[in-house]
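Before any comments, here is the structure.
Since we're looking at a predicted model, the values are computed, not measured. Heavy-atom basis, side chains included; hydrogens, waters and symmetry copies ignored.
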Amino acid sequence: MRMRPTLSWTPAEDLPPATTDLRPVAEALRAGGVLVLSGAGISTESGIPDYRGEGGSLSRHTPMTYQEFVADAQARRRYWARSHLGWRTFGRARPNAGHRAVAAYGRHGLLSGVITQNVDGLHQAAGSQDVVELHGSLERVVCLSCGDLSPRRDLARRLEEANAGFAPVAAGINPDGDADLTDEQVGDFRVVPCARCGGVLKPDVVFFGEAVPPRRVEHCRELVREATSLLVLGSSLTVMSGLRFVRQAAEAGKQVLIVNRDPTRGDRYAAARVALPLGAALTTVAEVLGISGT
C-alpha cells in the first residue's frame, strides 16, 4: 500500500499575523547580503502548481517516495510514465516576474546567494547565478548502480523511441514534474535502463524519504552563516530540508523575512511574513529600490 509522507503541519494559534507591508523586505535588500530560500510558490505563476496552497497538488497527488521507487519495479513504471508526460509540459515553463526580480536583485549585488527547493531550473533560466538546487534538478538523470549522470533530454528521447504513440491526457501537473495519470493510462509503458551499465535510472532529485546530500546541506549552512539576512519566497517550510536554515538564521540573530500567501512552519522565527502574490510583490520591491530589468 502506498503511504502518504508526512507533509503537513498545524499552524499554532500564537503565530504572528501576516502583513502586506513590503518595507522590511526592501530595507533588507537595500542593506545587501540577503540569502534567498525559495520554494514551489515562486513557480506557480509559471504554471507549475505548488504542493500545499489553494489547489495544491497534495490534495490529489501523493509524491513518490525513494523507498517505493527503489523497491518496486511497477512503481518505477508508473513514475517514469507520469514523469515522461509531465516533462513535456514542465520543460515548456518559463520564468515569471518573481524569478526575474530575484535575478535582478542578484545582478545589482544585493544577494549573497540563492537556495531553491525547486527542481524546475527557472531561477537559472531567469538569469540567477550560482543557484544551490537543494533538492536537485529534473534536468539530470542518475543511475543508481554506476552513478552516471546524464541529461534528461537524452532519456526523454530514448523513452519516446521505446513508447511510440504514448500521449495520454493528464489530469494535472505537479511541482516535481509528475503528471496525474491513472494506472490504465500508464498501461504497459516501457522503462529504459542506464545506457552505460543497464542499471535503474532515477531523476537527479531528492525524493520524499531521501536525504539531501550532506555536502550540499553544509554548503547551504555556510551560505546562511555568511548572509546578513534570510528571505524566504514561496515556501511553507513544512519539511525540515528548508526549515533548518530558517532556524539556523534565527538562532544566529539574523533577520528572517517570509513572503508567502499562506502561514508557514517558520513564521515564529520571522520578523515578518508578507502575504502577497510573489510576482507583484517582488517587482514592487525592485521598483522601490530603483532596479530595472524585472
Side-chain angles (χ1 to χ4, degrees), residues 9-46 50-56 95-118 122-123 126 128 223-224 227-238 242-294:
W9 61 284
T10 302
E13 294 182 358
D14 61 345
L15 286 175
T19 179
T20 58
D21 185 1
L22 288 165
R23 285 176 296 179
V25 177
E27 290 166 3
L29 285 163
R30 186 176 286 115
V34 175
L35 175 62
V36 165
L37 172 63
S38 72
I42 200 170
S43 293
T44 56
E45 293 174 41
S46 294
D50 62 12
Y51 284 112
R52 301 170 183 84
E54 184 178 352
N96 62 55
H99 299 112
R100 293 193 295 271
V102 170
Y105 301 157
R107 286 196 303 272
H108 285 78
L110 307 182
L111 303 182
S112 64
V114 176
I115 301 170
T116 185
Q117 296 172 282
N118 300 337
L122 292 179
H123 276 300
S128 289
L223 290 176
V224 175
T228 57
S229 59
L230 181 64
L231 177 59
V232 180
L233 303 175
S235 176
S236 68
L237 299 170
T238 297
L243 181 63
R244 57 185 154 196
F245 304 125
V246 171
R247 289 179 172 175
Q248 178 190 349
E251 289 168 0
K254 300 175 188 289
Q255 185 182 51
V256 176
L257 297 165
I258 299 174
V259 184
N260 196 66
R261 297 188 71 168
D262 299 313
T264 84
R265 195 177 173 190
D267 284 359
R268 66 177 61 256
Y269 304 102
R273 176 173 66 85
V274 180
L276 289 172
L278 274 163
L282 297 180
T283 300
T284 297
V285 170
E287 292 170 352
V288 169
L289 296 174
I291 292 175
S292 61
T294 61

Subject >> Residue list, side-chain contact (heavy atoms from CB on, under 4.5 Å) with S43, at least two apart or on another chain >> reply: I48, H99, N118, D120, L122
What donor-acceptor contacts under 3.5 angstrom involve side-chain atoms of residues 250-260, with partners at least two apart or in another chain?
unit_1	atom_1	unit_2	atom_2	d
K254	NZ	R225	O	3.1
K254	NZ	A227	O	2.6
N260	OD1	S235	N	3.3
N260	ND2	D262	O	2.9

**OP:** Using the test side-chain contact (heavy atoms from CB on, under 4.5 Å), find all partners of E45 that sit at least two apart in sequence or belong to another chain.
**Re:** N96, P277, L278
Original post:
Which heavy atom in L22 sits nearest to a heavy atom in A281, and how many Å separate them?
Top reply: CD1-O, 3.7 Å
Identify all side-chain donor-acceptor contacts of residues 25-39 below 3.5 Å with residues at least two apart in sequence or on another chain.
unit_1	atom_1	unit_2	atom_2	d
S38	OG	T116	OG1	2.8
S38	OG	H123	NE2	2.8

**OP:** Locate the shortest heavy-atom distance separating L282 from A101; write the atom from each residue and the value.
**Re:** CB-CB, 3.6 Å
Subject >> Shortest non-hydrogen contact from V102 toward S128 >> reply: CG1-OG, 3.9 Å
Original post:
For the atom pair CD1 (I42) and CG (L233), what is the distance rounded to the nearest 0.5 Å?
Top reply: 5.0 Å
Original post:
Could you give the distance from CG (L223) to CD (Q248), rounded to the nearest 0.5 Å?
Top reply: 9.5 Å
**OP:** Check for a donor-acceptor pair, side chain of T44 on one end and backbone N or O of G41 on the other, with a separation under 3.5 Å.
**Re:** yes
Subject >> R273: partners by side-chain hydrogen bond (donor to acceptor under 3.5 Å, both in side chains), with sequence neighbours left out >> reply: D267
Subject >> Test side-chain contact (heavy atoms from CB on, under 4.5 Å) applied to T228 - qualifying residues, sequence neighbours left out >> reply: none
Original post:
If you look at every heavy atom in S46 and P95, which pair is closest and at what distance?
Top reply: OG-C, 3.8 Å
Subject >> Taking every non-hydrogen atom, the tightest pair across L243 and Y269 >> reply: CD1-CE1, 4.3 Å
**OP:** Measure the spacing between OH of Y105 and CZ of R100 and express it to the nearest 0.5 Å.
**Re:** 12.0 Å
